[in-house]
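Side-chain atoms are counted along with the backbone in the values below, which use heavy atoms only and exclude waters and symmetry mates. Remember, predicted model here, so these are calculated numbers, not experimental data.
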Amino acid sequence: MFLVTGATGGIGRRVVRLLRQQGSSVRAFVRLTSSYSELEHRGAEIFIGDLRREQDIEKACLGVEYVVSAHGSDGDALSLDYRANIELINQAKAKGVKHFVFISVLGADRGYEDAPVFKAKRAVERYLAASGLNYTILRPTGLASNLLSLAERFRETGLYLLIGDPKNRTSVVSTDDLAKIVVDSFTVADALNQTLSVGGPEILSRAEIPQIFSRIFHKEAIVINPPLFAVDGLRSALGLFNPQTQQALGTYRTLLANEFFSTKEEVANLERIFNFQLETLESFVRRYLTV
């Protein structure tokens, strides 16, 4: 039995789909308010719970042999990115789980003090590595699925909002490729007890993304490029009323202000370990938007 947290998210939903296609038993940890009918239709066991509740995590881990932690923080890094994952690891160890795959983030080890998600993910990485469990830690760059709404908007308007330095580099990974890597991590020997950067096959400047959209949709790009200090102003204003949102924007600012890409050597190593060729951003967008 596989337990997948964040099962209705971009990564988790794809992981459940792949596991069910292989005939594996899957328990999908979901919230009552989430859309989980597809998972149910695919034959996943639906576990409705709250990752902020230790007793829910304990119940969800009963009879489980493999765990995929793919949930996000929803603006609450301390409770969800940190505490929930620590409890998942504790319960996995207590229940004799054979392998734990944790979705971290590229740059978790860079010491970004103003980014709660990065700090929480790094603390969990360390805890998992020292837990005695078999593990695989995956550090993805930006997910291609997160750009689909921007691509849709571009198709309609030609507009693309690019905050910060257009020269900053990224290597956006196909979310389908990441899901395949997650699932294969349980059986590929070279993924055991490893921490792997997971990026796409191309290192792109952020300015090249609207150019890709322009090529796909045959539409001239109108790039709106506000400076990064616009986010700083918004954070300061929100901090007067909502400190939690101000902290969450610290993670957002970190993502905008820095480069997140896997090196060519890291990508080649990833393709060697998992024995498939990673998909480009353009291929992913064309495939999903049937261009």
### Task
Please examine the side chains of V285 and L147, heavy atoms only from C-beta on, and report whether any two atoms are closer than 4.5 Å.
no
### Backbone N/O of S205 and side chain of E208: donor-acceptor pair under 3.5 Å
yes
### Task
Keeping the roles fixed (side chain from E271, backbone from L278), state whether a donor-acceptor pair exists under 3.5 Å.
yes
### Query
Is the number of heavy atoms from other residues, nucleotides or ligands under 6.0 Å of Q21 CD greater than 12?
yes
### Query
Would a hydrophobic clustering, with Ile, Leu, Val, Met, Phe, Trp and Tyr connected at side-chain separations under 4.5 Å, put L256 with F260?
no
### Message
When you compare the side chain of F2 with that of V183, does any pair of heavy atoms fall below 4.5 Å?
### Response
no
### Message
Around atom OH of Y82, are there more than 12 heavy atoms from other residues, nucleotides or ligands closer than 6.0 Å?
### Response
no
### Message
Could you go through F284 and D177, starting from their C-alpha distance and side-chain angles, then the distance that decides it, and tell me whether this counts as side-chain contact (heavy atoms from CB on, under 4.5 Å)?
### Response
CA-CA 10 Å; F284 182 91; D177 285 351; over 6 Å; no
### Task
State whether the side chain of T141 and the backbone N or O of S171 hold a donor-acceptor pair below 3.5 Å, judged by distance alone.
yes
### Lys/Arg-Asp/Glu bridge criterion (N-O < 4.0 Å) met for E279, R287
yes
### Query
Counting distance only, does the side-chain N/O of N258 pair as donor-acceptor with the main-chain N or O of T254 below 3.5 Å?
yes
### Query
Looking at OG of S24 and CD of E65, how far apart are the two atoms once the value is rounded to the nearest 0.5 Å?
10.0 Å
### Message
Would you say CD of Q55 has more than 12 non-hydrogen atoms from neighbouring residues, nucleotides or ligands within 6.0 angstrom?
### Response
yes
### Query
Looking at CD of E54 and CD1 of I86, how far apart are the two atoms once the value is rounded to the nearest 0.5 Å?
11.0 Å
### Query
Do V4 and R13 have side-chain heavy atoms sitting under 4.5 Å apart?
no
### Query
Ring centroid separation for F100 and Y66, is it under 6.0 angstrom?
no
### Task
Please check if the side chain of S34 supplies one atom and the backbone of Y36 the other of a donor-acceptor pair under 3.5 Å.
no
### Query
Does L133 belong to the same Ile/Leu/Val/Met/Phe/Trp/Tyr cluster as Y127, with side-chain heavy atoms less than 4.5 Å apart forming each link?
yes
### Query
Just by distance, do the side chain of R122 and the backbone of D109 share a donor-acceptor pair under 3.5 Å?
no
### Summary
dist L192:CG -> N134:CG (nearest 0.5 Å) comes out at 5.0 Å
### Query
With distance as the sole test, does T136 use its side chain to make a donor-acceptor pair with the main-chain N or O of A191 at under 3.5 Å?
yes
### Query
How long is the gap from CZ on R27 to OG1 on T5, to the nearest 0.5 Å?
13.0 Å
### Query
What is the minimum heavy-atom distance between G63 and M1, and which atoms define it?
O-CB, 3.4 Å
### Query
In the single-linkage hydrophobic clustering (I, L, V, M, F, W, Y; side-chain heavy atoms under 4.5 Å), do I103 and L39 co-cluster?
yes
### Task
Establish whether I137 and L178 are linked, either directly or via other cluster members, by ILVMFWY side-chain heavy-atom contacts under 4.5 Å.
no
### Task
Test F118 against L255 for side-chain contact (heavy atoms from CB on, under 4.5 Å), laying out the working first.
CA-CA 10 Å; F118 285 75; L255 289 169; 3.7 Å; yes
### Query
Can you tell me if K93 uses its side chain to pair, donor with acceptor, with the backbone of S131 under 3.5 Å?
yes
### Query
Are F274 and L196 close enough, and set up right, to give a side-chain contact (heavy atoms from CB on, under 4.5 Å), and what steps lead you there?
CA-CA 12 Å; F274 295 98; L196 300 169; 3.9 Å; yes
### Message
With a 4.5 Å cut-off on side-chain heavy atoms, are V173 and L143 touching?
### Response
yes
### Query
Looking only at side chains, do Y160 and N225 share a donor and an acceptor under 3.5 Å apart?
no
### Query
Taking Q22 for the side chain and L19 for the main chain, is one N or O donor matched with an acceptor at less than 3.5 Å?
no
#### Entry: Sub-4.5 Å side-chain heavy-atom contact between I222 and F154
no
### Message
For L204, is there any backbone N or O sitting under 3.5 Å from a side-chain donor or acceptor partner on R169?
### Response
no
### Task
Look at R206 together with D165 and state whether they make a salt bridge at an N to O cut-off of under 4.0 Å.
no
### Query
At their closest point, which heavy atom of G72 faces which heavy atom of L80, and how far apart are they?
O-CB, 3.8 Å
### Query
Does the pair R42/E38 count as a salt bridge with the N-to-O cut at 4.0 Å?
yes
### D76 vs R52, salt bridge (charged side-chain N to carboxylate O under 4.0 Å, His left out): CA-CA, chis, key distance, verdict
CA-CA 10 Å; D76 189 355; R52 295 179 178 88; 3.3 Å; yes
### Query
Given side chains that start at C-beta, do those of R155 and L289 come closer than 4.5 Å, heavy atoms only?
yes
#### Entry: Minimal non-hydrogen separation, G10 against T175, with atom names
O-CG2, 3.7 Å
#### Entry: Intermediate values then yes/no, side-chain contact (heavy atoms from CB on, under 4.5 Å), F213 and R153
CA-CA 10 Å; F213 291 173; R153 190 177 303 118; over 6 Å; no
### Query
Of I89, N193, V101, which meets side-chain contact (heavy atoms from CB on, under 4.5 Å) against Y135?
N193
### Query
Is any side-chain heavy atom of R139 less than 4.5 Å from a side-chain heavy atom of V105?
no
### Task
Name the orientation class of the two ring planes belonging to F186 and H99 (parallel below 30°, tilted from 30 to 60°, perpendicular beyond 60°).
perpendicular
### Query
Could you give the distance from OG (S283) to CD (E202), rounded to the nearest 0.5 Å?
9.5 Å
### Query
What's the shortest heavy-atom distance between I163 and P227, and which atoms?
CG2-O, 4.1 Å
## Note on the structure
Minimal heavy-atom distance between F261 and T170, with the atoms involved, is CB-C, 3.7 Å
### Message
Quiz question: by atom type and distance under 3.5 Å, do the side chains of E125 and S104 form a donor-acceptor pair?
### Response
yes
## Note on the structure
In terms of heavy-atom contacts, L62 and K95 come closest through CD2-CE, 3.5 Å
## Note on the structure
Here the gap from F29 atom CZ to K59 atom NZ, rounded to the nearest 0.5 Å, amounts to 10.5 Å
### Query
Is it true that V15 and Y288 fall in one hydrophobic cluster, defined by side-chain heavy atoms closer than 4.5 Å?
no
### Task
Determine whether R286 and I216 make a side-chain contact, defined as any pair of heavy atoms from C-beta on separated by less than 4.5 Å.
yes
### Query
Could D50 and R31 be called an ion pair, given the rule that one side-chain N must be under 4.0 Å from one carboxylate O?
no
### Task
Would you verify whether the NZ or CZ of K180 falls within 45 degrees of the ring axis of F276 while also being under 6.0 Å from that six-membered ring's centre?
yes
